[in-house]
Amino acid sequence: MALLTPEDLENIKKQLERADTAVSKVTRLNVKEVCKDLYGTSPHYESVGIVPVTSGNGIIGNFSDSLKVITDYFKFDSFVTEMPDVSGYYEAVESGAEIILMADDNTFLAHNLTNGKIGNNQPCTGIIYADIVSRYRNADSKDVLVLGLGKVGFPGAEHLVNKGFNVYGCDPEKSLMKKAIFKLGITPFDLKTPKKFSMIFEATPCADTIPENVLAEKCLVSTPGIPCGLSRELQEKYNVDLLMEPLGIGTASMLYSVL
Ligand code: NAI
Ligand code: PYL
Ligand code: MG
């Protein structure tokens with residue numbers, strides 16, 4: 001998995017507020033309302049224990065503190081444990097946490113200890129960014145382009161197929177393309193094809209993945225991918241509504257999924 005850096009998470013509250021405003025503009029619902037509609041749940045100040053994890057590449061500066069800001073924003077009652085790892089887990093449970101949030105280099109999870117539900121950040125992120133696409137109020141058709149069919153992109157593409165959208169997908173990884181074609185029935189798309197989309201969901205770890213020929217004027221690009229797949233130049237030239245935020249929206253989706 002592409003790992004966040006402390007710089008990605010600078011001013012997370014501002015980034016989240018801006019993203020929430022962008023979601024409201026493109027869907028007429030804010031992130032809380034999208035999550036409520038997706039999962040049929042709402043938080044009631046559940047206690048969330050955020051446990052720093054040192055394994056692999058170790059602690060990411062700003063990560064746990066950003067989760068504290070994000071959980072506060074969505075009206076959970078959260079705290080970061082003083083100890084990391086197993087000791088931190090023990091501390092969180094002993095301190096009354098109902099939900100545990102923790103991440104190593106491969107998995108970022110939310111585990112609700114009161115009902116046993118567990119959520120994984122990658123599918124939950126894919127699903128909410130795709131769901132926001134599916135609600136785009138300026139959409140000109142049911143055609144959606146999905147770039148990247150990995151651990152975030154595939155569940156997002158599946159969500160769009162399940163909601164009745166015509167999903168066009170591309171990923172240089174042949175096995176992932178095959179899986180998406182045979183399991184989801186998506187249409188394989190060559191990025192050189194001169195077809196314009198009013199909705200694009202991008203989930204790659206690469207920059208500038210979105211070529212000019214697929215961009216319709218005033219389209220929506222919804223991307224959790226870091227760095228951004230859309231250049232600033234193309235965003236301005238095509239007046240694109242861009243939704244991109246490094247951690248908060250996917251975390252909200254994951255938390256609502258375990259309530
Ligand atoms: P992954 O490695 O499982 O999948 C990425 C896929 O993108 C790969 O299959 C790769 O072949 C494909 N790809 C690369 N270049 C491409 C191109 N030019 N066109 C089409 N496909 C291309 O990674 P994962 O876990 O799905 O994560 C995707 C991105 O989302 C990463 O940048 C990750 O850091 C980010 N992410 C962001 C979150 C958020 O809350 N904003 C949460 C979780 C992940
Ligand atoms: C959760 C994200 C979204 C994008 N990439 C994923 C990532 O960076 N994962 C690693 C998270 C590691 C956290 C570290 C800590 O500070 O506790 N173990
Ligand atoms: Mg990207």
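Numbering of ligands and ligand atoms starts at 1, following listing order. Quantities reported herein were computed from a predicted structural model and do not represent experimental measurements.
Residue Cys170 has at least one heavy-atom neighbour below 4.0 Å for each of these atoms of ligand 1: 20 (C), 21 (N). Near Ile59, with a cut-off below 4.0 Å to any heavy atom, the atoms of ligand 2 are 15 (C), 16 (O). The ligand atoms of ligand 2 that sit less than 4.0 angstrom from a heavy atom of Pro52 are 17 (O). Residue-ligand proximity, Gly148 to ligand 1, at heavy-atom distances under 4.0 Å covers atoms 7 (O), 20 (C), 21 (N). Listed by number with element, the atoms of ligand 1 under 4.0 angstrom from any heavy atom of Leu176 are 9 (O). Listed by number with element, the atoms of ligand 1 under 4.0 angstrom from any heavy atom of Asn121 are 42 (C), 43 (C). Atoms of ligand 1 found under 4.0 Å from any heavy atom of Gly225, numbered from 1 in the order shown, are 29 (C), 30 (O), 32 (O). Listed by number with element, the atoms of ligand 1 under 4.0 Å from a non-hydrogen atom of Cys206 are 14 (C), 15 (N).
Residues Ser55 and Asp104 bring no donor and acceptor atom of their side chains to less than 3.5 Å of each other. Side-chain contact, Asn112 with Thr114: a donor N or O sits under 3.5 Å from an acceptor N or O.
For atom 5 (N) of ligand 2, the nearest non-hydrogen atom of the protein is Ala2 O, 2.8 Å. For atom 8 (O) of ligand 2, the closest non-hydrogen atom on the protein side is Leu4 N, 2.8 Å. For atom 16 (O) of ligand 2, the closest heavy atom belonging to the protein is Ile60 N, 2.9 Å. Val53 N, 2.9 Å is the protein heavy atom nearest to atom 17 (O) of ligand 2. In terms of protein heavy-atom proximity, atom 6 (C) of ligand 2 is nearest to Met1 SD, 3.2 Å. Ranking the protein heavy atoms by distance from atom 1 (C) of ligand 2 puts Phe108 CD2, 3.6 Å first.
Annotation: side chain of Leu67 is not in contact with side chain of Val80 (no heavy-atom distance under 4.5 Å). Under the 4.5 Å side-chain criterion, counting only non-hydrogen atoms from C-beta, Leu145 is in contact with Leu191. Here the side chains of Tyr39 and Leu259 are not in contact, with every heavy-atom distance at 4.5 Å or above.
Closest to atom 11 (O) of ligand 1 by heavy atom, among Thr223, Asp208, Asp171, Thr251, is Asp171. By heavy-atom distance, the residue among Asp104, Thr107, Asp105 lying nearest atom 11 (C) of ligand 2 is Asp104. Among Asn106, Val152, Asp8, Asn120, the residue whose heavy atom lies nearest to atom 44 (C) of ligand 1 is Val152.
Heavy atoms of Leu247 found under 4.0 angstrom from ligand 1 belong exclusively to the backbone. Counting heavy atoms under 4.0 Å from ligand 1, residue Leu3 does not touch it at all. With a 4.0 Å cut-off on non-hydrogen atoms, Ala203 touches ligand 1 through its backbone and not its side chain. Contacts with ligand 2 closer than 4.0 Å are made by no heavy atom of Ser55, backbone or side chain. When non-hydrogen atoms are compared, ligand 1 lies under 4.0 Å from the side chain of Gln122 (C-beta onward) but not from its backbone.
For the pair Asp72 and Lys13, the salt-bridge criterion is not met [side-chain N within less than 4.0 Å of a carboxylate O].
Under the 6.0 Å cut-off for aromatic ring centres, Phe197 and Phe189 qualify, their centroids lying closer than that.
The shortest separation from a heavy atom of Gly58 to ligand 2 is under 4.0 Å, placing the residue in contact.
Here's the thing with Glu245: one of its N/O atoms is less than 3.5 angstrom from an N/O atom of ligand 1. The shortest N/O to N/O separation between Pro224 and ligand 1 falls below 3.5 Å. For ligand 2, the polar-atom distance check finds no N/O of Leu247 at less than 3.5 Å from any of the ligand's N/O atoms. Considering backbone and side-chain atoms alike, Pro246 places an N or O below 3.5 Å from some N or O of ligand 1. Taking only nitrogen or oxygen atoms, main chain and side chain alike, Leu191 does not reach within less than 3.5 Å of ligand 1.
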Given the rule in the salt bridge (charged side-chain N to carboxylate O under 4.0 Å, His left out) test, do Asp37 and Arg135 qualify, once you have shown the distances and angles that lead to the verdict? CA-CA 12 Å; Asp37 202 53; Arg135 296 168 186 272; 2.7 Å; yes
Verdict with reasoning, Phe165 to Phe201, per ring-ring contact (aromatic ring centres under 6.0 Å, His included): CA-CA 12 Å; Phe165 286 79; Phe201 165 52; over 10 Å; no
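Rounded to the nearest 0.5 Å, atoms CG (Leu147) and OG1 (Thr204) are 7.0 Å apart. To the nearest 0.5 Å, the span separating OH on Tyr129 from NE2 on His159 amounts to 14.0 Å.
At least one donor-acceptor pair under 3.5 Å links the side chain of Lys68 to the backbone N or O of Ser78. Remark: the backbone N or O of Cys124 is paired with a side-chain donor or acceptor of Ser253 at under 3.5 angstrom.
For the side-chain hydrogen bond (donor to acceptor under 3.5 Å, both in side chains) test with Tyr238, the passing option among Glu212, Glu217, Lys196 is Glu212; the others fail.
Here the closest heavy-atom approach between residue Leu16 and residue Gly248 is recorded as CD1-CA, 4.1 Å.
Figure legend: Lys32 and Tyr256 shown without cation-pi pairing, the cationic atom not lying both under 6.0 angstrom from the six-membered ring centre and within 45 degrees of its axis.
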